[in-house]
Amino acid sequence: MEKLSKEFYLQNNVVSVAKQLLGKVINYQNDGILHQLKIVETEAYRGFNDKACHASGGMTKRNTVMFMEGGRCYIYLCYGIHHLFNIVTNSEGTADAILVRAVEPVNQSDYIYPATDGPGKWTKAIGLKKDKTGQSLISDELFLTNMPELSDEEIMVSTRIGVDYAGKDALNPWRFYINESEFVSKRLKEDFLLSEL
DNA sequence: TGTAAGATTCTA
DNA sequence: AGAATCTTACAC
């Protein structure tokens, strides 16, 4: 499959890119194994005007990579335990990023993996940790491959999980997931299909 | 140097 | 519903 190019990550609408990422495959070379995981759940975080975003208070040591040019990963430690993986998008100076909340193994033999139905779970399953933050997604070690775009009838829209502290911004419908996937981390009763928007 | 708060997960 | 667990950010 074709590797996603720099141009894909440089798009300036992070909410749109979060939708486009559904169905695409994360390829991660680790321990001599090429892990291939299909993205089934994402959340968009906007650098500007989004209190839920780590960059809303400006640049810090942790979030510096979010301000860099799109096409890198931003991985941080959550609750002292979980390594959460984000895809940085847009041009340099704009701190947009997309959290990958759930994936499913591509190959049948990969189902030996531990659970991959949560943002902290899937990174643990393949040994992807915060020491890889800033890593290019156009590298041989870590990259995404393209897949046919999904239709609006297959995509569910939702509010983002665990960001109540963000007040009004917590209401933004910026979480997306593949409805038919068994690996989605959480379903809310108010979620709806993108085609019904 | 001290402290409060997590983009979560697991258990009771 | 509550604990686990520790880095990060920011106040003093």
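Here is the naming used below: chain letters follow the sequence lines, and residue numbers restart at 1 for every chain.
Pairing each heavy atom of A:Lys51 with each of A:Asp169, the nearest pair is N-OD2, 2.7 Å.
Summarising the geometry, the separation between CG on A:Asp169 and P on B:dA7 is reported as 14 Å, rounded to the nearest angstrom. Following rounding to the nearest Å, A:Ile75 (CD1) and B:dA7 (P) show an atom-to-atom distance of 16 Å. When rounded to the nearest whole Å, the span between CG of A:Leu99 and C1' of B:dG6 equals 14 Å. Computed from coordinates, the A:Arg62 CZ to C:dA9 P distance equals 5 Å when rounded to whole Å. Atom P of nucleotide B:dA5 and atom CG of A:Leu84 are separated by 20 Å, given to the nearest angstrom. A straight line from CZ of A:Arg160 to C1' of B:dT8 spans 17 Å, rounded to a whole angstrom. Atom-to-atom, CE of A:Met59 to C1' of C:dA9 comes out at 15 Å; the value is rounded to the nearest Å. Whole-Å rounding puts the A:His83 NE2 to B:dT9 C1' distance at 14 Å.
Note on A:Lys121: a side-chain N or O is less than 4.0 Å away from OP1 or OP2 of B:dC10. For A:Arg101 and B:dT8, the shortest distance from a side-chain N or O to OP1 or OP2 is below 4.0 Å.
Cation-pi geometry between A:Lys130 and A:Tyr76 is not satisfied (NZ or CZ under 6.0 Å from the ring centre, within 45° of the ring normal).
Remark: A:Asp131 CG is packed, more than 12 non-hydrogen atoms of other residues, nucleotides or ligands lying under 6.0 Å away.
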Please list each protein N or O that sits under 3.5 Å from an N or O in nucleotides 2-7 of chain C, with the distance.
| unit_1 | atom_1 | unit_2 | atom_2 | d |
| --- | --- | --- | --- | --- |
| C:dT5 | O2 | A:Tyr79 | O | 2.8 |

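Contact of the A:Ser158 side chain with the A:Phe176 side chain is not registered, since no non-hydrogen atoms from C-beta on lie closer than 4.5 Å.
Between A:Lys186 and A:Glu41 there is no salt bridge, since no side-chain nitrogen of the basic residue lies less than 4.0 Å from a carboxylate oxygen of the acidic one. A:Asp117 has a carboxylate O that lies under 4.0 Å from a charged side-chain N of A:Lys121, or vice versa, which qualifies the two as a salt bridge.
In this structure, B:dA7 forms no base pair with any nucleotide, since neither Watson-Crick nor G-U wobble geometry is met with both distances under 3.5 Å.
Ring-base stacking between A:Tyr45 and B:dA7 is satisfied, the centre separation being under 5.5 Å and the plane angle under 30°.
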Side chain to side chain donor-acceptor pair (under 3.5 Å) between A:Asn172 and A:Thr159, worked out: CA-CA 6 Å; A:Asn172 293 330; A:Thr159 50; over 6 Å; no
